[in-house]
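Here is the structure we will look at.
Residue indices begin at 1 and follow the sequence shown. Note that the structure is a prediction, hence the values are computed from the model and not measured.
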Amino acid sequence: QVQLVESGGGLVQPGGSLRLSCAASGSIFGINTMGWYRQAPGKQREFVASISSGGRTDYEDSVKGRFTISRDNAKNTVYLQMNSLKPEDTAVYYCNFRRFSTQYDYWGQGTQVTVSS
């Protein structure tokens, strides 16, 4: 089992910055990928960014150059630094853990990010 706890969401003005954190615990050994997904009202959950246990990163096109994902394996924590935020970034952001051997997804409870003036 893997448990994920997100933090760092909140209200920010357009052009502002925010950093999300996700602390993982449990069976987090082995080859895996951690990442962030988001879901806005009336829309399906979509991929934002991911980082493998080896450090490889992937980003959704609309956040490239603005968001940066990183992980601290010693602290079992993944981060999402969000800069130049836009109103369309408003959503609930969910932390994700995916084990390479099973491709099974674990999810956090989500943290609200609102970009508004």
Side-chain angles (χ1 to χ4, degrees):
Q1 276 278 51
V2 174
Q3 295 80 44
L4 305 170
V5 180
E6 303 103 329
S7 62
L11 175 65
V12 64
Q13 294 183 339
S17 298
L18 210 59
R19 190 179 80 154
L20 306 182
S21 299
C22 174
S25 62
S27 301
I28 57 176
F29 54 82
I31 301 174
N32 62 79
T33 297
M34 296 187 69
W36 294 91
Y37 290 69
R38 65 188 180 187
Q39 187 168 21
K43 300 181 64 178
Q44 292 192 334
R45 188 173 300 184
E46 68 173 357
F47 170 79
V48 177
S50 67
I51 182 167
S52 72
S53 50
R56 185 181 65 84
T57 59
D58 287 309
Y59 296 92
E60 193 270 328
D61 286 343
S62 69
V63 308
K64 289 180 179 177
R66 299 189 299 122
F67 292 8
T68 302
I69 189 169
S70 62
R71 65 189 288 171
D72 186 335
N73 290 327
K75 297 181 178 179
N76 297 323
T77 301
V78 64
Y79 306 94
L80 185 67
Q81 178 66 47
M82 304 184 292
N83 299 324
S84 302
L85 283 163
K86 305 174 180 179
E88 51 262 45
D89 295 318
T90 297
V92 176
Y93 284 69
Y94 296 92
C95 184
N96 168 269
F97 177 94
R98 182 176 298 140
R99 198 181 305 283
F100 179 79
S101 61
T102 64
Q103 297 294 294
Y104 181 83
D105 286 333
Y106 294 87
W107 298 97
Q109 293 299 305
T111 184
Q112 177 71 49
V113 172
T114 302
V115 184
S116 177
S117 60

Taking atom types as modelled, find out whether Thr77 and Asp72 have a side-chain donor-acceptor pair closer than 3.5 angstrom.
no
Hey, could you give me the OG/CG distance between Ser50 and Asn96, rounded to the nearest 0.5 Å?
8.5 Å
With sequence neighbours excluded, give me every side-chain hydrogen bond (donor to acceptor under 3.5 Å, both in side chains) pair touching residues 2-12.
Gln3-Ser25
Can you pull out every salt bridge (charged side-chain N to carboxylate O under 4.0 Å, His left out) where at least one residue sits in residues 16-28? Sequence neighbours excluded, please.
none
Donor-acceptor contacts, no H, no angles, side chain residues 28-35, under 3.5 Å, sequence neighbours left out:
residue : atom : partner : partner atom : Å
Asn32   : OD1  : Arg71   : NH1          : 3.3
Asn32   : OD1  : Arg71   : NH2          : 3.1
Asn32   : ND2  : Ile28   : O            : 3.4
Asn32   : ND2  : Gly30   : O            : 2.8

Under the salt bridge (charged side-chain N to carboxylate O under 4.0 Å, His left out) rule, what pairs show up with a residue in residues 100-114, not counting sequence neighbours?
Arg98-Asp105
Do the non-hydrogen side-chain atoms of Phe97 and Val78 ever get within less than 4.5 Å of each other?
no
Side-chain contact test, heavy atoms from C-beta onward, threshold under 4.5 Å: evaluate it for Leu80 versus Thr68 and give yes or no.
no
According to disulfide bond (SG atoms under 2.5 Å apart), does anything in residues 18-54 pair up with another residue at least two apart or in another chain? List the pairs.
Cys22-Cys95
Give a yes or no on whether Leu20 and Val12 share a hydrophobic cluster (residues Ile, Leu, Val, Met, Phe, Trp, Tyr; joining criterion: side-chain heavy atoms under 4.5 Å apart).
yes
Would you please name every residue forming a side-chain contact (heavy atoms from CB on, under 4.5 Å) with Ala40, sequence neighbours left out?
Lys43, Ala91
By salt bridge (charged side-chain N to carboxylate O under 4.0 Å, His left out), Glu60 pairs with (sequence neighbours left out) none
side-chain hydrogen bond (donor to acceptor under 3.5 Å, both in side chains): which pairs involve residues 107-117, sequence neighbours left out?
Gln112-Thr114
Which is it for Arg66 and Met82 under the side-chain contact (heavy atoms from CB on, under 4.5 Å) test, yes or no, and what are the steps along the way?
CA-CA 6 Å; Arg66 299 189 299 122; Met82 304 184 292; over 6 Å; no
Salt bridge (charged side-chain N to carboxylate O under 4.0 Å, His left out) against Asp58, all qualifying residues, sequence neighbours excluded
Arg56
Would you say that Val2 contacts Leu4 through its side chain, given a criterion of any heavy-atom pair below 4.5 Å between the two side chains?
yes
Linking I/L/V/M/F/W/Y whenever their side-chain heavy atoms sit closer than 4.5 Å, directly or via other members, would Tyr94 and Val63 fall into one cluster?
no
Does atom CD of Gln13 have more than 12 heavy-atom neighbours, drawn from other residues, nucleotides or ligands, at distances under 6.0 Å?
no
Ion pair present between Asp89 and Lys86, side-chain N to carboxylate O less than 4.0 angstrom?
no
Which pair of non-hydrogen atoms, one from Asn83 and one from Ser17, has the smallest distance, and what is that distance?
OD1-OG, 2.9 Å
Which residue pairs pass the ring-ring contact (aromatic ring centres under 6.0 Å, His included) test with at least one member in residues 40-89, sequence neighbours excluded?
Tyr37-Phe47
List for me each residue that meets side chain to side chain donor-acceptor pair (under 3.5 Å) alongside Gln39, sequence neighbours excluded, and say none if there are none.
none
Sorted by chain and number, sequence neighbours left out, side-chain contact (heavy atoms from CB on, under 4.5 Å) with Thr102 holds for Arg99, Tyr104
